[in-house]
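Labels below follow one simple rule: chain letters A, B, ... track the order of the sequence lines, proteins then strands, and each chain is numbered from 1.
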Amino acid sequence: MRSSSVPPIAIVKAHNQTPLKSSSITIPSSPLPFHTLSERAHIPSHVYKHPAAVLLELCTSMKELHQIIPLVIKNGLYNEHLFQTKLVSLFSKYGSINEAARVFEPIDDKLDALYHTMLKGYAKNSSLETALAFLCRMRYDDVKPVVYNFTYLLKVCGDNADLKRGKEIHGQLITNSFAANVFAMTGVVNMYAKCRQIDDAYKMFDRMPERDLVSWNTIIAGFSQNGFAKKALELVLRMQDEGQRPDSITLVTVLPAAADVGLLMVGKSIHGYAIRAGFAKLVNISTALADMYSKCGSVETARLIFDGMDQKTVVSWNSMMDGYVQNGEPEKAIAVFEKMLEEGIDPTGVTIMEALHACADLGDLERGKFVHKFVDQLNLGSDISVMNSLISMYSKCKRVDIASDIFNNLNGRTHVSWNAMILGYAQNGRVSEALNCFSEMKSLGMKPDSFTMVSVIPALAELSVTRHAKWIHGLIIRSCLDKNIFVTTALVDMYSKCGAIHMARKLFDMISDRHVITWNAMIDGYGTHGLGRAALDLFDKMKKGAVEPNDITYLSVISACSHSGLVDEGLRHFKSMKQDYGLEPSMDHYGAMVDLLGRAGRIKEAWDFIENMPISPGITVYGAMLGACKIHKNIEVGEKAAKKLFELNPDEGGYHVLLANIYASTSKWSKVAEVRKTMEKKGLKKTPGCSVVELRNEVHSFYSGSTTHPQSKRIYAFLEELVYEIKAAGYVPDTNLILDVEDDVQEQLLNSHSEKLAIAFGLLNTSPGTTIHVRKNLRVCGDCHNATKYISLVTGREIIVRDMQRFHHFKNGICSCGDYW
DNA sequence: ATAGGGTTAG
């Protein structure tokens, strides 16, 4: 920036001399600033100094206006042009265009100014169409339009994003030969920019014979607000080359652009300029500066500026809250909110949205409800954005029921409302509701956008039905959303979760601007499919490229190693995480490491690893340890892990079942009973196992032992046959997994496991050779895993089971996991 | 009576 030449002191002075608010208007005794001196010369002083004129100038409401009018008439002033125009203006201002017209029409000798005022009234209160019609009438009445007729109309077009009328007015403006007028053309540039036609806006700007500071600011704002941050920054440099010095408005416009590109260097240079030019203390500049620092990841600097501000507006507070929310410090956002209330600042809709966002991130339902009360207090019930935030907050706090109540009663739902609701359902595992909501949205003629898709796709990934996956992919292509990186990344993840890992890779290879999440999705996909080598190859490729791995990447890499038994590689990458990339391992990373070691049978090493952790081990860590002890039947360590684990009070009963199964696998039945009792006492339940299989567009769910399916009888009969057959092929039921019942009953229970029912149903209802896809919400049970191997052998079918953790591809009697899971 | 540009938000 060419700001190294410190701006002359005059600029600072000039700025300081400009009073923010003129107080002269409120002093009735002095002559009113109706006109410039030259204009006032034509009006007799008894008119503009008349008390009625003073009153009209002070008038603030329709009611007052109606009280003043008799005074005007009584004093014989009604026929004065000045009063006529003022009345038209005031009626328009208070929204009564009809009364304005009733004053306007009967007047015989209408001044041009009267027409201009009437035109403004129409533009403000009626439609632009009416205003345009009035413009035609002006020509008919031989009244010449002036520049500000057009600037005003253009502004209305911009505010309403009415491109069609905007173009018409642009045409009229050319007809009236204002095409070279700086004011008019700046208005045109602004109109196109506000109508999101930034190319046209720039074309007009480029053609202007003369550009002043405001023109530059307009085009810079245009680029900045249309998402072309770099272009906006570029233009700030260019304007200086062309001799225009950025003013405070230039800065406040371009700071969001600097925040957008996220480069602290750029933001700092603007900050420097703001200081040198004497703008840094202005409340809007310091607010925008703090905001920029937050968005560039330096929320501490933002706070320093915020704390140093002599005065703050509500925007300053809101922006500070947003800074904390965006930087993952919701508690601090709440603290700012509380301080704001303490200081008696009135919250706005944005304030409440930020507070709700913070509560959502904290998952703090109670506080969320507290903030909800403000919505009613502040009358924000009709503010759609606020209501959308409520939907998101309740969804994130797992109260999707309240969220959907709000959604269902919401008038004027926008895309954001639908997207929030769909995401809410999807994130709470309510897949069918998410999909229903999605189809309802479409049936109402709302076009899904990238946010909608990013919410729906994970719901479909959860369903794991390839047919649905292809359907949404088609829809995405038809909606032209297939170039959006967030959407395509979600697709990669979805295909991999549907078992179509090759399709996922094909899509991945077609994406040119991969984000870190894109890489993560693909690496994780390989990992869950047990393709550890492929995951590591891709990870190597990633490290050679421009995108840096993050903590999630490492989580996927370690778990990929774990699923494929690549222990040494896993250990190596875990080390490199902090060493090479400065990433601090989180609890999930430690859990994955314990899983890696434990699953491979290195139980002692895993326990040592836990004991040497720099942070206090959490549920995931001991859970992984317990799982490993189950696989390797290690009671001693298993008990130690369970003891620590239960101290942490997990609300999921599955861990107790895991311990019970360790005891059961070594026939310690009294211990099994003990665990059972504890579970009962604590009121813990195991999540019921559920397997789903898709058939001709319908999803069929099976629970263990369920007999509710219409084909239930056939399924059980077929299963019996099937078990007979696989036993002949060498299958031995693993009755150790079931607790304290007789052997034959145990077998029966085993044969009614949800995954077996789902597989049997799939085999019965598809033609020979068709691959069966099953999705289970928990981990596949050992006996079912073994049985499925045999089933794939005797039926010659390929069976793909996706469980909670990974994929199992069964074919010809073997599983892709190599029994390592 | 009248005149173009600006900060926060899923």
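Within 4.0 Å of A:Ser224, counting heavy atoms only, lies no atom of the nucleic acid at all. Residue contacts for A:His81: at a heavy-atom cut-off of 4.0 Å it reaches no nucleic acid atom on any strand shown. Counting non-hydrogen atoms under 4.0 angstrom, A:Gln84 reaches nothing in the nucleic acid. Heavy atoms of A:Val182 sit under 4.0 angstrom from at least one base atom. At a threshold of 4.0 angstrom between heavy atoms, the contacts of A:Lys194 are confined to the sugar-phosphate backbone, with no base atom among them. As judged by a 4.0 angstrom heavy-atom cut-off over every strand, A:Asp212 is placed among the base-contacting residues. Residue A:Thr186 is classed as a base contact, given a heavy-atom separation below 4.0 Å to a base. Within 4.0 Å of A:Lys295, counting heavy atoms only, lie sugar-phosphate atoms of the nucleic acid but no base atom. Residue A:Val214 is classed as a base contact, given a heavy-atom separation below 4.0 Å to a base. No engagement by A:Ala420 is indicated, since no non-hydrogen atom pair under 4.0 Å with the nucleic acid exists. A:Thr287 comes within 4.0 angstrom of a nucleotide base, judged by non-hydrogen atoms across all strands.
Rounded to an integer number of Å, the gap from CZ of A:Phe91 to P of B:dA1 is 15 Å. Between the NZ atom of A:Lys124 and the P atom of B:dA3 there is a distance of 12 Å, rounded to whole Å. Rounded to a whole Å, the CD1 atom of A:Ile169 is 14 Å from the P atom of B:dG4. What separates CZ of A:Phe83 from P of B:dA1 is a distance of 10 Å, to the nearest Å. As a whole-Å value, the separation of A:Ile384 CD1 from B:dG10 P is 15 Å. Whole-Å rounding puts the A:Leu390 CG to B:dG10 P distance at 14 Å. Atom pair A:Asn318:CG and B:dT7:C1' shows a separation of 11 Å (rounding to whole Å applied). Atom OH of A:Tyr115 is separated from atom C1' of B:dA1 by 16 Å (rounded to the nearest Å).
Between A:Glu343 and A:Lys312 there is no salt bridge, since none of the side-chain N atoms of the basic residue sits less than 4.0 Å from a carboxylate O of the acidic one.
Residues satisfying the salt bridge (charged side-chain N to carboxylate O under 4.0 Å, His left out) criterion with A:Asp141, sequence neighbours excluded, are A:Arg137.
Closest contact between the side chain of A:Glu354 and the listed nucleotides B:dA1, B:dA9, B:dG10 involves B:dA9. Closest contact between the side chain of A:Asp291 and the listed nucleotides B:dG10, B:dT2, B:dT8 involves B:dT8. Which of B:dA9, B:dG10, B:dA1 sits closest to the side chain of A:Thr85 comes down to B:dA1. Candidate nucleotides B:dA3, B:dT7, B:dA1 were compared by shortest atom distance to the side chain of A:Lys120, and B:dA3 ranks first. Between B:dA1, B:dG10, B:dT8, one nucleotide has an atom nearer to the side chain of A:Ser319 than all others, and that is B:dT8. Here the nucleotide nearest the side chain of A:Asp449, chosen from B:dG10, B:dG4, B:dT2, is B:dG10. Listed nucleotides B:dT2, B:dG4, B:dT8 differ in distance to A:Thr151; the shortest reach to its side chain belongs to B:dG4.
Residues A:Tyr115 and A:Phe104 place their aromatic rings such that the two centres sit under 6.0 Å apart.
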For A:Arg303 and A:Glu300: C-alpha separation, side-chain torsions, deciding distance, then whether salt bridge (Lys or Arg N to Asp or Glu O under 4.0 Å) applies. CA-CA 5 Å; A:Arg303 184 58 188 249; A:Glu300 298 83 8; over 6 Å; no
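OP1 and OP2 of B:dT8 both lie 4.0 Å or more from every side-chain N or O belonging to A:Gln326. Taking only side-chain nitrogens and oxygens, A:Lys86 never comes nearer than 4.0 Å to OP1 or OP2 of B:dT2.
Stacking of A:Phe183 onto the six-membered ring of B:dG4 is present: less than 5.5 angstrom between centres, less than 30° between planes.
A donor-acceptor pair shorter than 3.5 Å cannot be found between the side chains of A:Ser89 and A:Ser92.
In this structure the side chain of A:Met320 never reaches within 4.5 angstrom of the side chain of A:Trp317, judged on heavy atoms.
Relative ring orientation between A:His116 and A:Tyr148 is described as perpendicular, the plane-to-plane angle rising above 60° on a 0-90° scale split at 30° and 60°.
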